[in-house]
Undergrad: 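Below you will find the structure I want to go over with you.
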Amino acid sequence: AKTFEVEKIREDFPILKREVNGYPLVYFDNAATAQTPKQVMDVIVDYYSNYNANIHRGVHSLSQEATDKYEQARIKIQKHFNAEKAHEIIFTSGTTHGINLVANGFSSMLKEGDEILVSAMEHHSNIVPWQMLCERTGAVLKVIPMDLNGELIYAEFEKLLNSRTKLVFLNHVSNALGTVNPIKNIIDKAHEYGAAVLIDGAQAAPHIKADVQELDVDFYVVSAHKMCGPTGVGVLYGKEEWLEKLPPYQGGGEMIATVSFEKTTYAGLPHKFEAGTPNICGGIAFGAAIDYMNEIGFDAIAKYEHELLEYATAKLKEIDGMQIYGEAPEKTSVISFNIEGLHPYDIGTLVDKMGIAVRTGHHCAQPIMDFFKIPGTVRASFSFYNTFHEIDLFIDAVKKAKMMLQ
Ligand SMILES: Cc1ncc(COP(=O)(O)O)c(CN[C@@H]2CONC2=O)c1O
């Protein structure tokens, strides 16, 4: 099989040549945000150098060029997720914005006693907006439990479903555990009860190419910065029938058809949900990031990252007192762990002194930490531009940190 040309790929990421505290940077915080290749940076410079203009309004050439590029990016994203229509792709500022847009939209569609289901392994962005929705409507939030392996208990999910279930929302992949959830089964089962499903794809998007038509998902949300794109831009995919039902989320320019003090009428999709001047460059760069990742190929990326995950897991397990959280048979390249008797924060701080960037804490998933009765974890997350050698440096640094702390 073709070897994965990681050294060649690393040339695309200038930041990987950085040193931190006198050591070569080992960037293992990809679950927080991925790095940006120069191919995406070039698009950003090109935009601001050659066709920066406001979109959809001006009749001048620059505005038309910017509009065309922005709408071409929307189509690229539509094709990537295999959405049926381009106007089912709504540009947002990221996953959090997309989830809030949908949760807000359901305010007028839920009533006292309706039930909405969340999984036990959610990021706070996919918990708090729904709690706010329950406060507004009197709907009840119920939790799909997980087991000690970091997998959802499907039988419990089925038991929770009933005629009052209106919404189910969960992540495709857990950012804290790496677990890949069986979303196709969950979507089909939820639809049997007439419930809509929102999937938080933030953590899945850099590893898995979701096909929203095959999944038959109602809403799918992602952030560009997880997929080698810029921060502050993302996408909400929504089935047309659902997006037509939801009221606008923000009022302003762009999302209107006619405005008068007597009455305002709204624009159709997608502009109904795109008030104000968008992150034009971010959207165009998001399209470039998707091209970049597809150029390498998601199958090749998934295979290589899985090899990194297997290697790192085996090496970590050689360390006495190692406790890994989340060992689902299907997981992406994220490892959350603790070492018995040590605080994750201390390990993270010490390995940073040796150039290793990992995330420590609750990873915006406090319910998961409560479930495992821990203050937090050390989370190492790998991307297709990381190497086996970097894992060796990481393992050495963890061992050194352990010695220093004991
Ligand atoms: C599963 C999941 N959902 C939602 C979000 C929120 O995305 P935005 O911040 O782009 O709106 C994140 C971000 N992951 C966080 C960000 O930092 N560390 C993490 O694991 C995530 O991993």
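Each ligand, and each atom within it, is numbered from 1 in the order the structure gives. Quantities reported herein were computed from a predicted structural model and do not represent experimental measurements. Heavy-atom basis, side chains included; hydrogens, waters and symmetry copies ignored.
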Undergrad: Can a donor-acceptor pair be found, under 3.5 Å and without considering hydrogens, that links the side chain of N386 to the backbone of Y27?
TA: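 Answer holds: yes.
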Undergrad: Would you name the heavy atoms of T36 and C228 that are closest together and state the gap between them?
TA: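 Heavy atoms only, the tightest pair is CG2-O, 3.8 Å.
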Undergrad: Quick check: does any side chain N or O of D396 sit under 3.5 Å from a backbone N or O of L393, one acting as donor and the other as acceptor?
TA: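 Side chain of D396 to backbone of L393, a donor-acceptor pair under 3.5 Å: no, none is there.
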Undergrad: Does the pair Y385 and N30 meet the rule for a side-chain hydrogen bond (donor to acceptor under 3.5 Å, both in side chains), with working shown?
TA: CA-CA 10 Å; Y385 41 71; N30 294 287; 2.4 Å; yes
Undergrad: Could you tell me whether the side chain of N294 and the main chain of I290 form a donor-acceptor pair under 3.5 Å?
TA: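 Side chain of N294 to backbone of I290: a pair is present.
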Undergrad: Applying a heavy-atom distance cut-off of 4.0 Å, which protein residues contact ligand 1?
TA: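 For ligand 1, the residues that come within the 4.0 Å heavy-atom cutoff are A31, A32, T95, T96, H123, S125, N175, D200, A202, Q203, S223, H225, K226, R359, R379.
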Undergrad: Under the rule for side-chain contact (heavy atoms from CB on, under 4.5 Å), what residues qualify as partners of Y193, not counting sequence neighbours?
TA: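 Counting only residues at least two positions away or on another chain, Y193 forms a side-chain contact (heavy atoms from CB on, under 4.5 Å) with L161, K189.
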